[in-house]
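We count ligands from 1, going down the list as the structure has it; atoms in each ligand are counted the same way. By convention here, the first residue in the shown sequence is residue 1.
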Amino acid sequence: MPARDIIIDTDPGQDDAAAILLALASPDEINVLGITAVAGNVPLPLTQKNARIVCELAGKPDVKVFAGCASPMVRKLVTAEHVHGKTGLDGPTLPDPTMPLQSQHGVDFIIETLRERPSGSVTLCPLGPLTNIASALTAAPDIVERVQEIVLMGGAYFEVGNITPAAEFNIYVDPEAADIVFKSGIKITVMPLDVTHKALVTPERVNALRAANTNVCSAMADMVDFFERFDTDKYGSNGAPLHDPCVTAYLIKPELFTGRFINVEIETASELTLGMTVADWWRVTTRDPNAMFIGDIDADGFFDLLITRLARL
Ligand code: BDR
Ligand code: CA
């Protein structure tokens, strides 16, 4: 199988960094056409910078990084410095990037790439709020049928919410964008909290990262140490969830994941449950399925893959 062409849309974020590193470490399976930054965990000037820091950490300064939207489609930006720190990548000390930021807007890059490449050959991998993706689909409806698949991190059903009692962060920040994406008709695979909360970085797994003793693995371990302080306090679990690399791991080894093809709708009106992913897991409605909603993961297999691949960089 030739490597799959993807665009990573991201708001780094330590777990976004892990997802990007896993993709860049896996050229046999994944060809990163470009990385588009979006405002989310921290504002856009930091997410675009962090994306470049991560590419340089991976030793891949030639990857094209674009800045996309600085705020959600209709709402004010909500950020998550309380989880990711002031920079979004708190933990290790990493140098400022020297690779350039591309001058093209991230949304234009998504549109142009989908129009130029063969139809059905480009997969979009959103790891943050869906603002860039929905903006592209809205500005250029002709690209909808050209997308091979969207594999995204966002939402929750059994785990409900992490930023409000009812909503997961990526969907909550831009629910109108999420609504556009879930209604687009594009093939969608979703990594909700239901699965990412099973991808826990236990002390043994952090030790395995450190034992790999490479620059990249040590930096990743330092990032994990930083955000674990917050997450393990919050969840009382034996390690923090590593959300976003579930997306890139799925592209490499889909057999690590199982889920259900179901209907998923986004709450955009209620103040109380704004951004909720109303997932018909039990198939109690007649609404048409629109997403493969992942529910389970082989966590040991996932961390084996992640650590082995990161150690290659
Ligand atoms: C998601 O929100 C962000 O804080 C993480 O990077 C991840 O994409 C988890 O809810
Ligand atoms: Ca993210």
Would a 4.5 Å heavy-atom cut-off, applied to side chains only, mark Leu57 and Val216 as touching?
yes
Got a sec, which residues hit ring pair (Phe, Tyr, Trp, His ring centres under 6.0 Å) with His197, two or more places apart in sequence or on another chain?
Tyr235, His243
Distance-only N or O hit between ligand 1 and Leu127, under 3.5 Å
yes
Based purely on interatomic distance, does Asn170 place a nitrogen or oxygen under 3.5 Å from a nitrogen or oxygen of ligand 1?
yes
Checking a contact table here: which protein heavy atom is nearest [atom], and how many Å away?
atom: atom 8 (O) of ligand 1; result: Asp244 OD1, 2.7 Å
atom: atom 10 (O) of ligand 1; result: Glu168 OE2, 2.4 Å
atom: atom 6 (O) of ligand 1; result: Asp15 OD1, 2.6 Å
atom: atom 3 (C) of ligand 1; result: Asn41 OD1, 3.1 Å

Return the set of protein N, O or S atoms whose distance to the Ca ion (ligand 2) is under 3.0 Å, each given as residue and atom.
Asp11 OD1, Asp16 OD1, Asp16 OD2, Leu127 O, Asp244 OD2
Glu255 atom CD, neighbour heavy-atom count above 12 within 6.0 Å:
yes
Considering only NZ, NE, NH1 and NH2 on the basic side and carboxylate oxygens on the acidic side, decide whether Arg205 and Asp304 come within less than 4.0 Å.
no
Test: Asp298 and Lys198 ion pair at under 4.0 Å
no
Applying the side chain to side chain donor-acceptor pair (under 3.5 Å) test to Asp5, which of Thr123, Thr113, Asn31 qualifies?
Asn31
Give a yes/no verdict on whether any heavy atom in Asn162 is under 4.0 Å from an atom of ligand 1.
yes
Heavy atom of His84 under 4.0 Å from ligand 1?
yes
Take the angle between the ring planes of His84 and Phe227 and call it parallel below 30°, perpendicular above 60°, tilted in between.
tilted
Side chains of [X] and [Y]: do they bring a donor and an acceptor to under 3.5 Å?
X: Asp179; Y: Thr268; answer: no
X: Glu168; Y: Thr277; answer: no
X: Ser119; Y: Glu145; answer: no

Where does Asp16 meet ligand 1, judged by heavy-atom distances below 4.0 Å: at the side chain, the backbone, both, or neither?
side chain
